Amino acid sequence: VNAPVTTKIVDDVALHNAIASAIETIAPSWPLDRMIAVNPYWGRIQQTFEEAAAALSTVAGSPLTLPFEHYREAWRNGEITGLDLQQALTESGTGLTPERLIAALDRKYPAPVPVPLLSDLLDRQRNLQREPSWCDSITHQVSQFCAAYFDRDQANWHPDQAGRLYASWRKSLVLDHSIPLLMQAPYISVRARALARDPVQQIADSLARLELPVRDWAIYLQAVLMRVSGWAAWCAYLRWQARLEDRSDETLVDLLAVRLSWETLLDDGVRCADSPWLAWHGRWQQQERHIEDAATQLHHIWLRAQELSYQRSLVDRLRTAPAVEMIGQPAVQAAFCIDVRSEVLRRQLEARAPDIQTLGFAGFFGLPVSYAPMGTPARRPQLPGLLAPTLDITDSTGNPALDAGITRGRARRLRGMHGWRTFESVPLSTFALVEALGLVYLGKLVKRSLPGNTPFTSNDSLGLDAIQARTVRPVLDEATAGGVAGQANIAAQVLGAMGLKDKFARLVLLIGHGSQNRNNPHRAGLDCGACCGQTGEVNARALAGLLNSPSVRLQLRHSGIQIPDSTHFVAGLHNTTTDEVLLFDLDELPASHAGDAQHINSLLTAAGASARRERAHALGLGALEHKPEPLLRAVRARADDWAQTRPEWGLANNASFIVAPRSRTRGVDLEGRSFLHDYDHRKDADGSLLELIMTAPMIVTNWINMQYFASTVDNKRYGSGNKTLHNVVDGRIGVFEGNGGDLRIGLPWQSLHDGERWLHTPLRLTVVIEAPRAAIDRVIARHENVRQLVHNRWLYLMRLDGDQIEIYRDRRWQLLPR
Amino acid sequence: MMMEFFGGWLLPAIYATGCLLVFGQPRHHWKIAQITAAAALLATLFSVVGAGVWLHFAPAEIDSVGLTLALLVAVLGWVIINYSSRYLNGEPGQLRFVRAMLFTLTAVATLVVSRHLLVIVLAWTGTSLGLHHLLTFYRDRKTAQVVAHKKFLVSRLAELCLVLALLLVYQSTGSLTLDGLNAYLSTLDSLPASLHAAALLFALAAILKTAQLPLHGWLIQVMEAPTPVSALLHAGVVNIGGLVLIRLAELISLAPVTQLVLVVVGSLTAVLAGLVMLTRISIKVRLAWSTCAQMGFMLMEIGLGLYELALLHLVAHSLYKAHAFLSAGETVSFARVNDFTASGRVARSPLWYLGAVAITATLVVGSAAAWELFPPGLVLPPVGLLIVALGLASLLWLEPGYTPGLLIRAVLQVLALTQLYLIWHLLFAGLAPLPAHPAPPLVAYVVLCFGVLYGSQVWLRCYPDGRFARALYPWAYCGFYLDETFTRFTFKIWPVKLSSVQAQTLANRNPVLQGEVS
């Protein structure tokens with residue numbers, strides 16, 4: 001009697017699991033104004049790299065390596081050696097021979113094709129050379145609706161945004177005749193009325209109606225969701241934010257229900273011999289799934305060989321590095337972000353002055369803050385996306401009365417600007433706008449077309465006049481920080497994490513970074529990821545202010561940190577497009593330090609010139625390599641050029657993360673491919689700092705590394721395509737490539753490719769840590785994410801021990817032979 | 001005998017030279033294009049100055065409309081070629097791009113300076129063909145092909161109208177020059193039926209080529225080509241219809257049916273496209289709907305006989321829209337500015353918005369009356385002033401909250417913009433053909449249209465979730481279903497033939513080899 005009930009319960013559990021398996025595989029994508037790198041495979045790290053590759057090939061037709069021609073090039077030019085290939089083969093445990101692998105390079109293999117949906121089958125029966133396809137029309141409908149539903153910044157008139165995505169979509173579909181008209185399918189509106197009100201119920205209904213066996217549900221739902229993977233990533237972002245605030249968010253389920261509903265809407269219910277459904281079912285069952293296909297395996301061996309080639313050269317460099325211990329007091333200490341772009345500048349700076357000590361640390365400088373510019377309703381996080389902000393930074397002149405005046409004036413000016421923006425957006429007003437002001441754009445067109453030389457300024461000073469913008473400074477809000485004691489506590493934590501507890505130099509620079517470019521929707525992707533896609537200016541200035549505060553320093557003495565009175569902290573910003581460094585708040589510097597500041601400034605200028613020379617070739621400015629002045633002018637013009645799609649190469653070609661004292665790498669040319677984090681295990685007896693580094697910065701570097709990796713190997717799904725076609729959606733959520741299609745996430749083609757070759761070589765990150773084996777093992781054992789990344793080969797782990805180097809392979813440490 | 005000034009012809013001559021050079025000497029295509037664009041701009045600037053000087057010393061017949069447009073094209077050509085030379089760096093097919101771009105610019109330049117109808121029509125066709133290559137720059141993009149095909153059909157239809165119109169003109173007047181036509185028209189009191197038909201056919205061609213509803217879809221969907229192509233299309237090509245009608249002002253002024261058609265189609269497009277624009281969620285598509293509306297507005301002005309305003313609109317819109325497209329990448333920065341300025345909206349009653357119109361109208365009409373006191377012969381069309389007043393009224397909405405300071409600021413803005421508008425009006429009145437007097441029913445109709453548009457805007461702001469907003473939204477969101485119908489129609493009667501690569505979808509692929517399709 002209770003058999004149907006039991007079946008029902010079993011099915012409910014299976015349904016729940018299938019939905020969860022689909023939505024949990026989707027990694028979030030941040031909006032463009034906070035574009036931070038995300039590992040798009042984050043939802044799959046519990047699978048091995050190879051399992052994930054097989055699954056992605058099945059459900060999305062997405063490859064995890066470049067095509068053979070890339071490896072052929074690397075093989076022919078000697079980058080990949082026979083040794084690398086042999087070792088990759090040995091590791092793979094297959095019985096293949098090198099000859100077979102080399103022969104494969106000249107063969108062409110079909111790109112993977114995703115499992116078919118009913119809509120694909122219907123498309124196969126259409127003449128697509130003469131008719132619109134269902135797949136594209138469905139993507140268009142879903143994507144346009146999502147854009148309208150999620151929009152806050154672009155349109156002025158919206159569909160129902162109060163209800164949930166699925167409910168609003170369902171309501172609108174009944175009234176939307178565009179697809180029925182275009183596809184000549186009047187039945188869509190009728191069938192739309194029959195859709196369930198609840199998204200989960202609708203998913204259950206669809207699965208039942210399409211008569212899929214329960215064991216196929218998970219893979220089917222994954223395949224369905226991957227058809228709108230861009231918007232899925234946006235929904236996953238909403239879920240990520242909700243989870244940071246201890247809420248839950250089910251929008252991904254809604255999106256799944258929306259896309260899946262289309263499969264039901266297209267089903268005519270006919271099940272006879274020549275029905276589309278039967279044809280689809282046949283194909284579905286034929287699909288070979290989870291079978292390690294030979295071509296994929298060959299690709300993976302070549303990928304591994306290229307990784308081995310890089311690791312070999314990295315290990316060689318680290319082995320031959322002269323260990324330079326800094327003896328005595330450095331004249332200047334300069335902390336930079338771990339970003340790979342800092343490596344070049346740090347190396348050049350150190351080469352100029354042996355008494356400079358540089359440090360690598362995440363560019364938010366350990367401040368878990370959100371920034372609220374004074375007198376504005378704006379607020380944004382300035383910390384890694386993994387964390388939720390707990391502290392506030394706001395602006396102040398240090399004088400409350402003055403602050404109040406500036407706040408009032410700014411609010412008034414901003415209200416005025418708001419009025420003008422209304423005027424610009426109202427249709428009727430645009431006619432008057434064009435006739436009164438259109439000719440003024442002549443000046444703007446001409447100005448923008450001439451080479452520019454605008455200095456790098458923050459755009460946070462909107463609504464402030466020049467004097468106000470100079471006098472206000474970002475400061476850590478005392479109230480949220482818990483008074484002076486709280487501030488001192490934060491200062492102690494940050495200094496401890498940076499390993500800066502004693503031996504303070506007279507001048508300590510805290511240098512964040514930011515990218516200067518124009519007309520670039522993806523500019524936040526070039527800014528500091530640790531500051532959530534902003535420049536590091538706010539964090540660096542707030543921290544410098546905090547550490548210069550006499551009352552904080554007094555408190556710090558109680559925690560055993562003695563900052564000498566002669567030590568002064570100065571914030572700076574590394575302009576990664578021009579390699580110039582701007583120092584802030586120098587007017588606060590005591591006269592006694594003026595000489596020091598001048599000296600370091602000239603060193604930074606010289607180091608910047610060398611760093612530019614190093615980067616000139618990749619920017620296509622090789623001809624100016626040995627002409628410092630014209631080169632500087634050229635990169636400045638580039639930074640100010642509205643038509644420039646490649647202002648700089650960002651973090652392209654990143655490949656390793658080195659967690660060790662700088663003395664291990666000082667003087668080594670790491671080619672701007674390494675993230676550098678300072679860490680001295682001798683000062684970290686309990687391993688807590690190591691734990692922090694492996695669970696935060698290491699994850700962040702994996703996210704960056706995998707973002708570049710995925711955008712390169714599958715730019716269609718995980719990259720945003722061609723910048724010349726980019727069409728910003730909802731003011732900031734993402735871009736379309738052209739008219740529409742799915743939301744595009746990840747990096748544009750221009751950020752990875754110069755037109756002739758990939759400037760990013762997709763390699764999994766090699767993490768090199770100088771720490772005792774046990775300490776690393778402890779972190780691996782304790783943290784599931786770390787364990788999954790390491791065990792499932794989403795990154796490689798190496799260990800420096802004196803002059804020996806070990807690699808973590810097959811869950812144990814193996815000594816690398818010399 | 002007055003001398004004719006031929007300075008404007010330097011522009012097409014230079015572009016044509018550059019174009020030939022690029023076809024003959026393909027290695028330094030960007031260098032040639034940049035030098036061509038710069039030389040064309042300089043030469044046109046000299047021509048404009050030269051024309052002024054010439055006029056000072058000798059009575060001369062100067063084609064001021066042609067020279068103005070030549071200067072516009074020269075500026076746009078220079079800006080767009082410079083932009084593209086860096087923007088397209090690394091793209092395959094840049095030579096193809098440069099060739100098509102220079103060819104298109106040559107055609108546009110010929111068109112704007114020519115006073116011979118046959119040359120105009122041929123150049124217009126040439127523009128359309130050159131543009132076709134630019135629109136399909138990315139050959140594998142399916143949507144690009146479909147859209148370019150739609151545009152192709154619309155353009156050929158327009159050219160059919162033009163050919164018929166030319167035949168009618170030649171048959172009636174025995175000439176195909178504008179001067180011949182105008183000389184003939186000056187002898188007439190009313191038009192013969194054949195010229196009525198010719199005027200209507202010219203207007204239809206313009207309507208088709210300026211993307212008026214319901215055949216506007218191709219303009220909206222051409223985001224499938226690189227940004228500078230969109231800029232060229234929206235700033236330099238789509239408005240040619242307006243230019244040709246302004247050239248034919250004497251004919252149009254005598255053809256009330258044509259005027260009626262232009263006013264009805266133009267103002268409906270302006271209103272409907274304006275409403276659709278409010279629902280658009282991506283920047284370039286929003287800009288495209290805005291172009292559609294602006295072109296409607298321009299045709300409406302032509303129908304009302306306000307040629308100087310139409311010419312002003314054409315030139316100003318070109319510059320505005322070229323800038324808007326080329327800087328579309330700043331959209332994210334603008335959204336960040338929203339975070340700073342979004343300080344909440346005060347709910348207002350519709351009466352507030354009516355009050356705003358009353359104040360603005362007073363300011364605009366007052367300014368115009370003051371201006372009319374000074375320069376003799378300045379006549380300001382009331383309907384134009386009314387629309388400007390309705391447009392500027394939004395400056396007085398003061399939605400973030402009322403303070404006396406904000407009100408004063410807004411009033412000053414209204415006054416400043418009004419003076420600018422009047423200055424431009426005065427300037428262009430000297431360039432454009434003499435205005436015709438619009439028929440009162442047409443004026444009433446236009447006032448009604450824009451009154452309804454203002455009312456709708458206000459209603460949507462007052463009651464964003466009200467019945468009006470909810471009921472109308474699906475229609476506006478779907479662009480009133482006009483384009484789907486047209487697309488379906490083209491698929492039925494003359495479908496685009498896609499290659500097998502273009503036709504594929506994700507799963508429905510020909511055996512594609514990994515890495516072959518970028």
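In this text, all values refer to a predicted model and were calculated from it rather than measured experimentally. Naming: A, B, ... by sequence-line order, numbering from 1 per chain.
The aromatic rings of Trp642(A) and Tyr83(B) sit perpendicular to each other, their planes meeting at more than 60°, with 30° as the lower class boundary. In this pair, Tyr320(B) and Tyr441(A) present their aromatic rings perpendicular. The plane angle is above 60°, beyond the 30 to 60° band.
Between chain B and the residues Asp460(A), Asn127(A), Thr139(A), Val446(A), the largest count of heavy-atom pairs under 4.5 Å involves Asp460(A). Here His177(A) is the residue among Arg410(A), His177(A), Gln644(A), His522(A) with the most heavy-atom pairs under 4.5 Å with chain B. Chain B forms more heavy-atom pairs under 4.5 Å with one residue of Gly755(A), Gly419(A), Gly416(A) than with any other, namely Gly416(A). Contact tally against chain B (heavy-atom pairs below 4.5 Å) for Thr645(A), Thr430(A), Leu445(A), Leu181(A): the top residue is Leu445(A). For chain A, the option among Val388(B), Leu406(B), Ile423(B), Leu88(B) with the highest count of heavy-atom pairs below 4.5 Å is Leu406(B). Across Asp641(A), Val440(A), Asn459(A), Leu433(A), the residue that shares the most heavy-atom pairs under 4.5 angstrom with chain B is Asp641(A). The greatest number of non-hydrogen atom pairs below 4.5 Å with chain B, out of Val735(A), Asp754(A), Leu32(A), Asp176(A), is found for Asp176(A). Each of Leu422(B), Thr331(B), Leu319(B) has some count of heavy-atom pairs under 4.5 Å with chain A, and the biggest count is that of Leu319(B). Ranked by heavy-atom pairs shorter than 4.5 Å toward chain A, the options Leu287(B), Thr143(B), Leu420(B), Thr279(B) are led by Thr279(B). With respect to chain A, the highest number of heavy-atom pairs below 4.5 Å among Arg280(B), Gln419(B), Met298(B) belongs to Arg280(B).
Rounded to the nearest 0.5 Å, atoms NE2 (His418(A)) and CG (Leu398(B)) are 10.5 Å apart. To the nearest 0.5 Å, atom OG of residue Ser178(A) and atom OH of residue Tyr481(B) are 6.0 Å apart. Here the CD-CG distance, from Gln161(A) to Asp465(B), works out to 9.0 Å after rounding to the nearest 0.5 Å. Rounded to the nearest 0.5 angstrom, Ser429(A) OG and Tyr454(B) OH are separated by 8.0 Å. Atom CG of Asn156(A) and atom CE of Met277(B) lie 7.0 Å apart (nearest 0.5 Å). Here the CZ-CZ distance, from Arg732(A) to Arg336(B), works out to 8.5 Å after rounding to the nearest 0.5 Å.
Side chains of Lys284(B) and Val728(A) form no contact here, defined as non-hydrogen atoms less than 4.5 Å apart. Side chains of Asp153(A) and Phe334(B) form no contact here, defined as non-hydrogen atoms less than 4.5 Å apart. Side-chain atoms of Phe423(A) and Leu417(B), non-hydrogen and from C-beta on, do get closer than 4.5 Å to each other. Side-chain contact between Glu737(A) and Arg141(B): present, with at least one pair of heavy atoms (C-beta onward) separated by less than 4.5 Å. By the 4.5 Å heavy-atom criterion applied to side chains, Arg461(B) and Thr422(A) are counted as neighbours. At a threshold of 4.5 Å between non-hydrogen side-chain atoms, the residues Leu439(A) and Leu312(B) count as touching. Residues Ile281(B) and Phe150(A) fail the side-chain proximity criterion, which asks for heavy atoms closer than 4.5 Å. Within the 4.5 Å cutoff, the side chain of Phe297(B) has no heavy atoms near those of the Val434(A) side chain.
Within a 6.0 Å radius of CZ in Arg86(B), other residues, nucleotides and ligands contribute more than 12 heavy atoms. The neighbour count for His140(A) NE2, taken as heavy atoms of other residues, nucleotides or ligands under 6.0 Å away, does not exceed 12. For Trp420(A), the CH2 atom is densely surrounded, since the number of other residues' heavy atoms within 6.0 Å is greater than 12.
Contact record, Gly740(A) with Glu224(B): N-OE2, 4.5 Å, taken as the closest heavy-atom pair. Between Arg286(B) and Ala155(A), the shortest heavy-atom contact is NH1-CA, 4.0 Å. A pairwise comparison of heavy atoms in Asn519(A) and Ala328(B) identifies OD1-N, 3.8 Å as the closest pair. Listed here is the closest heavy atom pair of Leu392(B) and Ala432(A): CD2-CB, 4.2 Å. Leu278(B) and Pro427(A) get closest at one heavy-atom pair: CD2-CD, 3.7 Å. Here the shortest heavy-atom pairing between Trp78(B) and Leu450(A) reads CH2-CD2, 3.9 Å.
Of the candidates Asn739(A), Asn727(A), Asp151(A), Ser282(B) forms a side chain to side chain donor-acceptor pair (under 3.5 Å) with just one, namely Asn727(A). Exactly one of Val315(B), Leu72(B), Val75(B) qualifies for a side chain to side chain contact (heavy atoms under 4.5 Å, CB included) with Leu442(A). That residue is Val75(B). Test His313(B), Gln294(B), His425(B), His317(B) against Glu435(A) for side chain to side chain donor-acceptor pair (under 3.5 Å) and you get one pass: His313(B).
Residue Asn722(A) touches chain B through its side chain alone, counting heavy-atom pairs closer than 4.5 Å. Neither the backbone nor the side chain of Tyr149(A) comes within contact range of chain B; no heavy atom of the residue lies under 4.5 Å from a heavy atom of that chain. Within the 4.5 angstrom heavy-atom criterion, atoms from both the backbone and the side chain of Phe431(A) approach chain B. Heavy atoms closer than 4.5 Å to chain B are found in both the backbone and the side chain of Ser425(A). Heavy-atom distances place no part of Ile80(B) under 4.5 Å from chain A, backbone and side chain included. For Pro373(A), the part sitting under 4.5 Å from any heavy atom of chain B is the side chain, from C-beta outward, and nothing else. Only the side chain of Lys142(B) comes within less than 4.5 Å of a heavy atom in chain A; its backbone stays farther off. Pro31(A) does not touch chain B: none of its heavy atoms, backbone or side chain, sits under 4.5 Å away. The part of Ile220(B) that comes within reach of chain A is its backbone (N, CA, C, O), which places non-hydrogen atoms under 4.5 angstrom from that chain. For chain A, the nearby part of Gln413(B) is the side chain; its heavy atoms alone come within less than 4.5 Å. Using a 4.5 Å cut-off between heavy atoms, Ala225(B) touches chain A through its backbone atoms (N, CA, C, O) alone.
Glu330(B) places no side-chain N or O within donor-acceptor distance of the main-chain N or O of Asn520(A), the cut-off being under 3.5 Å. In this structure, the side chain of Trp157(A) does not engage the main chain of Leu460(B) through any donor-acceptor pair within 3.5 Å.
Between the side chains of Tyr477(B) and Ser172(A), not a single donor N or O lies within less than 3.5 Å of an accepting N or O. A donor-acceptor pair shorter than 3.5 Å cannot be found between the side chains of Asn89(B) and Gln750(A). Side-chain contact annotation: Asn338(B) with Arg421(A), donor-acceptor N/O pair under 3.5 Å present. Under the 3.5 Å distance criterion, with hydrogens and angles disregarded, no donor-acceptor pair is assigned to the side chains of Asp160(A) and Tyr473(B).
Comment: Asp339(B) does not engage Arg380(A) in a salt bridge, judged by the lack of any side-chain N to carboxylate O separation of less than 4.0 angstrom.
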